[in-house]
There are 2 protein chains.
Amino acid sequence: MIKNSEPTIHDIARELNISASTVSRALNDNPRISLKTKEKIKAVADAMGYRPNTLASNLRNKKSNTIGIVVPLINRHFFSSVISGAEDVAFKAGYNVVISQSNDLADKEINIVQSMFSNRVDGLIISIAMQTKTFDHLKIFRKKNIPLVFFDRAVPEIETDKIVVDDFAGGFRVTQHLIDQGYKRIAHLAGTQNLMAYFDRKKGYLDALRKNNIQFDESLVIINTLTSDEGVSAVQQLMALKNPPDAIFCGNDTTALSAMIFLRDKGIRIPQDIGIVGFSNEPFSKVVSPSISTIAQPGFQMGQKAAELIIRQIETKERTYQTIVLPTELIVRESSSRRSFQ
Amino acid sequence: MIKNSEPTIHDIARELNISASTVSRALNDNPRISLKTKEKIKAVADAMGYRPNTLASNLRNKKSNTIGIVVPLINRHFFSSVISGAEDVAFKAGYNVVISQSNDLADKEINIVQSMFSNRVDGLIISIAMQTKTFDHLKIFRKKNIPLVFFDRAVPEIETDKIVVDDFAGGFRVTQHLIDQGYKRIAHLAGTQNLMAYFDRKKGYLDALRKNNIQFDESLVIINTLTSDEGVSAVQQLMALKNPPDAIFCGNDTTALSAMIFLRDKGIRIPQDIGIVGFSNEPFSKVVSPSISTIAQPGFQMGQKAAELIIRQIETKERTYQTIVLPTELIVRESSSRRSFQ
DNA sequence: GTGAAAGCGCTAACAA
DNA sequence: TTGTTAGCGCTTTCAC
């Protein structure tokens, strides 16, 4: 809302007794304008404090130079990393980034996405809300041929670029690592199985057991929503078994930490008595004591990649969609390094 | 970049053999349009999958319905909390939010701010970059009467709404707490003093020393940009003094942590030999061992408040600026609880 | 209650 | 190399 209305190219034109189109061209470094004229124009523009009105330019060009990003919650390390990476790439490529959070609510997500459409974003990067069950608000982007990229949580039935992490390999690697460290009874604290990510992590766990000829024991798998408190109650339940585990693969770092603290307070040594591995590499995992072994998910890279893909979709007509599975990385820290104590 | 060009109000108008202005009015619920016409129009709009082009509307209205937010780094807990709070309030009030990160670089900040100005944001919420030394790019907002709100790191010489935490009280409280715990030589690892926040924290530190009749020793204050590495080198420098400190008030939690790890590796006990307090209450501070005493800053609330203030500036002509000082809270944890060891 | 016309600030085809 | 003109999609004054 500009009060003392801003100078426009017409003001500059009038000042110099030339046409607005010449000014426009000069300011955009059009080669058809002579150097002298350009310099004159730029000097006057500077003097008048001229700033181009991108709104007008965007309307004219039918391009907003804006990329929309929708995440469940901005204030979560993984998502803010993704945003940070995407913003970085987008800004360097001359795009603005508008961000909204769905709070994992389907209604707010629909609302946001429609608003972004009205704002004519050039493309949309989204990780869908947990609650979202219908996808018409997203299908419309495909139908209208507006670039769309999913990350982390994708919609299987919508064909477009997707970037996910390899949860299966992550789960497998964690389990294999624990076996390699000499742990025999490995429990798994799993997340709700309707989310692909948690489902795949568990599948990796099961696969690793099978490959190592370890009999699967159902009582060693506990499924919940992986809050800090649930980590504690799950461990209590596991330790109450007649044959308790000697290692726990926790579905996330939060439960790994709460489990670890609970066990430590009970006088159980980590990793000597029980090995612990988490998932996601939260910032705290590295700095707690003992430090928590975990799986790193490359959030920043994911954001960079998502931005690259959407910009590719925006700037080329190519429509060969890919699903990029970013590798997970096992970070071995103290909480599972039993070998170093032997 | 719309391919199959979107339906406009003219398309709707043609369909119904009425004028575009009537359609516009109907869609905006203008009372001068009869209910019947409105319903007819809305029905057709729906059927055609019409979505208003906010770009055009914004250009015409000279209002972008967008609030810009600039933070040093999105991927930092405090800042992402602020963004989350601001986004929440802004979205509910019908505003979009565009976000950029300066990476604490003055050049990028200037670049971003100019770009936001070009995009005609209705208002700007910003925490300035550490490196920023000149403020012309921000003064222009005031000059042009575009709403501007500072949070966390404000520019004293620019008069506008500001939301800060009570850094002075925070610094004072930390220092007094250390004194109460029996520490005698308290060092301060300070941030660059052109930033009010760090300046005030140091002022609080100095004031507490004075009030307790403790002689200020200049060699105990080190000023840098508070990165993890600088935390280490600062501590090295402090411990190399002929009369090293027995407590360190670190300007943020990051340096508190790196300092702590460095000291621990040198065999120095925390808090028995040296007490440590940080600032900002990063998520990791609670879970590291020993846990780090710190000052909590209400990030989410700050964001909400900032959004409220900017919307108030946007929607009213009132220009009575306020500086809101949000209270800080001292959180005492293990790293400074020496008394419990005596 | 509805329409005609002008214009927000910019760009680009066409002309000169 | 520069100017003329039209128009992006919307809102709004003025007329009826």
Side-chain angles (χ1 to χ4, degrees), chain A residues 1-42 44-45 48-66 117-122 144, chain B residues 1-42 44-45 48-66 117-122 144:
Chain A
M1 202 170 43
I2 316 304
K3 276 285 173 50
N4 329 341
S5 63
E6 286 298 303
T8 72
I9 51 172
H10 292 100
D11 298 321
I12 300 176
R14 202 175 313 117
E15 186 80 13
L16 287 164
N17 268 315
I18 53 178
S19 80
S21 29
T22 304
V23 176
S24 171
R25 285 192 268 254
L27 261 19
N28 289 313
D29 258 337
N30 186 313
R32 288 175 7 189
I33 305 292
S34 77
L35 217 84
K36 262 171 272 181
T37 327
K38 274 187 193 168
E39 280 170 0
K40 246 191 331 200
I41 291 175
K42 284 180 182 166
V44 173
M48 299 179 70
Y50 171 80
R51 294 255 91 213
N53 184 327
T54 30
L55 242 47
S57 157
N58 291 342
L59 174 61
R60 175 66 225 228
N61 293 329
K62 289 174 163 253
K63 188 165 187 320
S64 67
N65 269 303
T66 297
F117 180 82
S118 281
N119 274 284
R120 299 296 187 267
V121 291
D122 292 337
K144 308 224 176 195
Chain B
M1 200 172 44
I2 316 303
K3 277 284 172 54
N4 328 343
S5 63
E6 285 298 304
T8 73
I9 50 172
H10 293 99
D11 297 322
I12 300 176
R14 202 174 314 117
E15 186 80 14
L16 286 165
N17 269 316
I18 54 178
S19 78
S21 22
T22 303
V23 176
S24 170
R25 284 193 267 254
L27 261 18
N28 289 314
D29 259 338
N30 186 312
R32 289 178 5 191
I33 304 293
S34 75
L35 216 83
K36 261 171 271 182
T37 327
K38 274 187 193 168
E39 280 170 0
K40 246 192 328 197
I41 292 176
K42 284 179 182 166
V44 174
M48 299 178 71
Y50 172 80
R51 295 255 91 214
N53 183 328
T54 29
L55 243 47
S57 153
N58 290 342
L59 174 61
R60 173 65 224 227
N61 293 330
K62 287 173 165 253
K63 188 163 186 322
S64 67
N65 268 304
T66 298
F117 180 82
S118 283
N119 274 285
R120 300 296 187 267
V121 292
D122 292 337
K144 308 225 175 194

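Numbers restart at 1 for each chain; the letters A, B, ... are given by sequence-line order, proteins then strands.
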Between the protein and nucleotides 13-15 of chain D, which nitrogen or oxygen pairs are less than 3.5 angstrom apart?
| from | atom 1 | to | atom 2 | distance (Å) |
| --- | --- | --- | --- | --- |
| D:dT13 | O4 | B:R25 | NH1 | 3.3 |

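Rounded to whole Å, the distance from CG on A:L35 to C1' on D:dT1 is 13 Å. Here D:dC10 presents its P atom at 10 Å from CD of B:E6, a figure rounded to the nearest Å. When rounded to the nearest whole Å, the span between NZ of B:K62 and P of D:dT11 equals 16 Å. The CG atom of A:N30 sits 10 Å away from the C1' atom of D:dT1 (whole-angstrom rounding). Per the geometry, CZ belonging to A:R120 stands 9 Å off P belonging to D:dG9, to the nearest Å.
Heavy-atom contacts of chain B under 4.0 Å fall on DNA chain C between two terminal nucleotides, which in 5' to 3' order are C:dG1 to C:dG9.
Among the heavy atoms of the strands, none lies under 4.0 Å from B:N58. Residue B:T54 is out of contact with every strand shown, counting any heavy-atom pair closer than 4.0 Å. Among the atoms of the strands shown, base atoms are found under 4.0 Å from some heavy atom of A:S24.
For the atom pair CD1 of B:I18 and CZ of B:R25, the computed distance is 10.5 Å after rounding to the nearest 0.5 Å. One finds the CZ atom of A:R32 at 9.5 Å from the OG atom of A:S21 (value rounded to the nearest 0.5 Å).
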Worked verdict on A:Y50 versus A:V44 for side chain to side chain contact (heavy atoms under 4.5 Å, CB included): CA-CA 8 Å; A:Y50 171 80; A:V44 173; over 6 Å; no
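Across B:G49 and B:P7, no two heavy atoms sit closer than the pair O-CG, 4.0 Å. Scanning all heavy atoms of the two residues, the minimum distance from B:A13 to B:A20 falls at CB-N, 3.7 Å. Nearest heavy atom pair, residue A:D122 against residue A:S64, reads OD1-N, 3.0 Å.
Remark: A:N119 engages B:T54, B:N96 in a side-chain hydrogen bond (donor to acceptor under 3.5 Å, both in side chains) (not counting sequence neighbours). For B:D29, the side chain to side chain contact (heavy atoms under 4.5 Å, CB included) criterion is met by B:K38, B:K42, not counting sequence neighbours. For A:T37, the side chain to side chain contact (heavy atoms under 4.5 Å, CB included) partners are A:T22, A:I33, A:S34, A:I41, not counting sequence neighbours. Residues passing the side chain to side chain contact (heavy atoms under 4.5 Å, CB included) test with B:N28 are B:S24, sequence neighbours excluded. With sequence neighbours excluded, the residues that form a side chain to side chain contact (heavy atoms under 4.5 Å, CB included) with A:R14 are A:H10, A:D11.
Map B:A56 and B:I33 each onto its nearest nucleotide of DNA chain C; the residue landing nearer the 5' end is B:I33.
Near DNA chain D, meaning a heavy atom under 4.0 Å from it, residues 8-20 of chain B has B:T8, B:I9, B:H10 in order of number.
Note on the helix from C:dG1-D:dC16 to C:dA16-D:dT1: angle between the axes of the first and last five pairs equals 40°, rounded to 10 degrees.
Listed for the A:N61 side chain is no donor-acceptor partner under 3.5 Å among the backbone atoms of A:K63. Judged by distance alone, the side chain of A:N53 and the main-chain N or O of A:L55 form a donor-acceptor pair under 3.5 Å.
Residue pairs meeting the salt bridge (Lys or Arg N to Asp or Glu O under 4.0 Å) criterion with at least one partner in residues 48-59 of chain A, sequence neighbours excluded, do not occur; the list is empty.
The phosphate of D:dT12 has OP1 or OP2 within less than 4.0 Å of a side-chain N or O from B:N61.
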